[in-house]
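What follows is a set of notes on a single structure, which appears directly below.
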Amino acid sequence: MSPAGGLFVGLVCLLVSFGALASLPAAADGTEPVAIVFPPWTDGAEAVALSFAAGHRVLRSGRLSAVVVVAPTLSGQAPSLPQGAWFSVVLAGLAGCLDRPGRTGASS
């Protein structure tokens with residue numbers, strides 16, 4: 001493959017990735033729990049601390065340590081993203097992609 005062809009393939013992959021990211025359900029208001037996504041190199045404890053510092057009520061960590069699930073706000077307005085966070089998405093409709101599965105019954 002020529003360098004120009006490689007550049008074209010890379011550009012197409014980048015555009016498709018941005019399209020997929022833009023299609024995620026955004027947190028328009030503070031009435032639903034959201035997952036706040038930090039860079040993968042962010043430690044879980046640091047992600048939780050940054051979320052608390054931004055005024056979020058943290059419920060739990062997500063599937064990855066860099067994902068923090070926060071509760072809906074009492075005022076109905078979404079607080080700003082914590083420092084260093086990439087984006088936030090509403091958990092509804094993601095079928096557990098960012099949320100860690102919980103226990104559904106008693107263990108035997």
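The first residue in the sequence is number 1, and the count goes up from there.
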Are any of the side-chain heavy atoms of Ile36 and Val70 separated by less than 4.5 Å?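 Of all side-chain heavy-atom pairs linking Val70 with Ile36, at least one is under 4.5 Å.
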
Decide yes or no for Phe8 and Pro3: does some side-chain heavy atom of the first lie under 4.5 Å from some side-chain heavy atom of the second?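 A side-chain contact is absent here, since even the closest heavy-atom pair is not under 4.5 Å.
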
Applying side-chain contact (heavy atoms from CB on, under 4.5 Å), can you list everything that pairs with Phe52, at least two apart in sequence or on another chain?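 Phe52 satisfies side-chain contact (heavy atoms from CB on, under 4.5 Å) with Val48, Val58 only.
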
How close do Ser80 and Ala54 get, heavy atom to heavy atom, and via which atoms?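 Heavy atoms of Ser80 and Ala54 come nearest at O-CB, 4.1 Å.
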
Considering all heavy atoms, the nearest Pro39-Ala66 contact: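 Closest pair (atom of Pro39, atom of Ala66, distance): O-CB, 3.3 Å.
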
Spacing of OG1 belonging to Thr42 relative to CG belonging to Leu50, to within rounding of 0.5 Å: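 Spacing of OG1 (Thr42) from CG (Leu50) equals 7.5 Å.
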
When rounded to the nearest 0.5 angstrom, what is the spacing between OG in Ser88 and NE2 in His56?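 Reported value, rounded in 0.5 Å steps: 7.0 Å.
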
Same cluster or not: Leu64 versus Trp41, using hydrophobic residues (I, L, V, M, F, W, Y) connected whenever any side-chain heavy atoms lie under 4.5 Å apart?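 Yes: a chain of side-chain contacts under 4.5 Å links Leu64 to Trp41.
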
Run the side-chain contact (heavy atoms from CB on, under 4.5 Å) test on Arg60 and Val69 for me, step by step, so that the C-alpha distance in whole Å, both residues' side-chain angles and the decisive distance to 0.1 Å come before the verdict. CA-CA 5 Å; Arg60 60 190 171 276; Val69 178; 4.0 Å; yes

Show, in sequence, the C-alpha distance, side-chain angles and deciding distance for Ser65 and Phe38, and conclude whether the side-chain contact (heavy atoms from CB on, under 4.5 Å) test is met. CA-CA 9 Å; Ser65 63; Phe38 289 87; over 6 Å; no

